[in-house]
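In what follows, a structure is listed as structure tokens, so that the remarks can point back to it.
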Amino acid sequence: QVQLVESGGGLVQPGGSLRLSCAASGFTFSDYYMSWIRQAPGKGLEWLSYIDSGGSSIYYADSVKGRFTISRDNAKNSLYLQMNSLRAEDTALYYCARDSIRSYYGMDVWGQGTTVTVSS
Amino acid sequence: QSVLTQPPSASGTPGQRVTISCSGSSSNIGRNYVYWYQQLPGTAPKVLIYRNDQRPSGVPDRFSGSKSGTSASLAISGLRSEDEADYYCAAWDDSLSGRGVFGGGTKLTVL
């Protein structure tokens, strides 16, 4: 079945780095844009980034621009989010989702999320 | 402060019709499609409405979306207890270099 599974979350100190992964299965990964969205504890959804199917068109939220990098490996059916210079306010549940916030059907498949905690 | 403005809460009794508003601007809702997401407690969001008023297969026709100018609405008729969830509107925003934006979310309580 169509599935997205995030991994790589954990506890990291302020200023540290973390790389999240999202493994896709059940669909042709290389045909789809992919996105990252996060949700701070008890808060709403925050769009972070999307990447087109070939990896050449990328957009970021201002809150992460210059610190986070989205990438993908279509051969491995995987999406990544490299997070540098982490701050306490980056603490959240990070979701990957199929497609983009402006794609025809919207972000129609979501993973279960991986938790990132930034604390000393 | 979210770019799209939603009421933080809404409520209704079973069988009632409730609406949730989403207010934006000319750079987002005014020129782009609106999407609605439902997040049941403890689960990942799910797309409820795409392209302003379209329902994915499997979404009951009790859910409907509309858009007018720089605002959008989600209506839920025949309210059921399982509709108790957080609802988010979303759109693309053409300001700056382009970005995705969500509303702050509306917690729907079924009394």
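Order of the sequence lines sets the chain letters (A, B, ...), proteins ahead of strands, with each chain counted from 1.
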Turns out that what part of A/Y105 lies under 4.5 Å from chain B's heavy atoms comes down to both

Output for pair (B/D93 CG, A/R102 CZ), nearest 0.5 Å, gives 10.5 Å

Verify the cluster assignment for A/I51 and A/Y59: are they in a single hydrophobic cluster under the rule of side-chain heavy atoms below 4.5 Å apart? no

If hydrophobic clusters are built by linking Ile, Leu, Val, Met, Phe, Trp and Tyr wherever their side-chain heavy atoms come under 4.5 Å apart, do A/L48 and A/Y50 end up in the same one?
no

Expected contact set for residues 95-111 of chain B against chain A at heavy-atom separation under 4.5 Å reads B/L96, B/S97, B/G98, B/R99, B/G100, B/V101, B/F102, B/G104

d(A/D99 CG, B/Y50 OH) to nearest 0.5 Å is 12.0 Å

query = Take atom CZ in B/R62; do more than 12 heavy atoms of anything else shown fall under 6.0 Å from it?
reply = yes

Report task. Please check if A/V109 and B/Y35 belong to a single hydrophobic cluster, counting links between Ile, Leu, Val, Met, Phe, Trp and Tyr side chain heavy atoms closer than 4.5 Å. Result -> no

So, the part of A/S100 with a heavy atom under 4.5 Å from chain B: the answer is neither

Honestly, the part of B/Q39 sitting under 4.5 Å from a heavy atom of chain A is side chain

Honestly, the part of A/L93 sitting under 4.5 Å from a heavy atom of chain B is neither

inquiry  = Is there a path of hydrophobic side-chain contacts, each under 4.5 Å between heavy atoms, that joins A/W36 and A/V116?
reply    = yes

Quick one: do A/I37 and A/Y32 end up in the same hydrophobic cluster if we chain Ile, Leu, Val, Met, Phe, Trp and Tyr together by side-chain heavy atoms under 4.5 Å apart? no

message: Using side chain to side chain contact (heavy atoms under 4.5 Å, CB included), reason through B/Y33 and A/Y104 one step at a time and then give a plain yes or no.
response: CA-CA 9 Å; B/Y33 290 108; A/Y104 194 96; over 6 Å; no

Taking a cut-off of under 4.5 angstrom between non-hydrogen atoms, the residues of residues 42-49 of chain B near chain A are B/T43, B/A44, B/P45, B/V47

Bottom line for B/Y88: the part with an atom under 4.5 Å from chain A's heavy atoms is side chain

| Donor-acceptor pair, side chain of B/Y37 and main chain of A/L45, under 3.5 angstrom | no

| What orientation do B/W92 and A/W47 show, parallel under 30°, tilted 30 to 60°, or perpendicular over 60°? | perpendicular

Comparing A/M107, A/E46, A/Q39 against chain B, the one with the most heavy-atom pairs below 4.5 Å turns out to be A/M107

Checking heavy-atom separations under 4.5 Å from chain A, one finds in residues 3-16 of chain B none

For residues 61-86 of chain A against chain B, heavy atoms under 4.5 Å, the residues are A/D62, A/K65

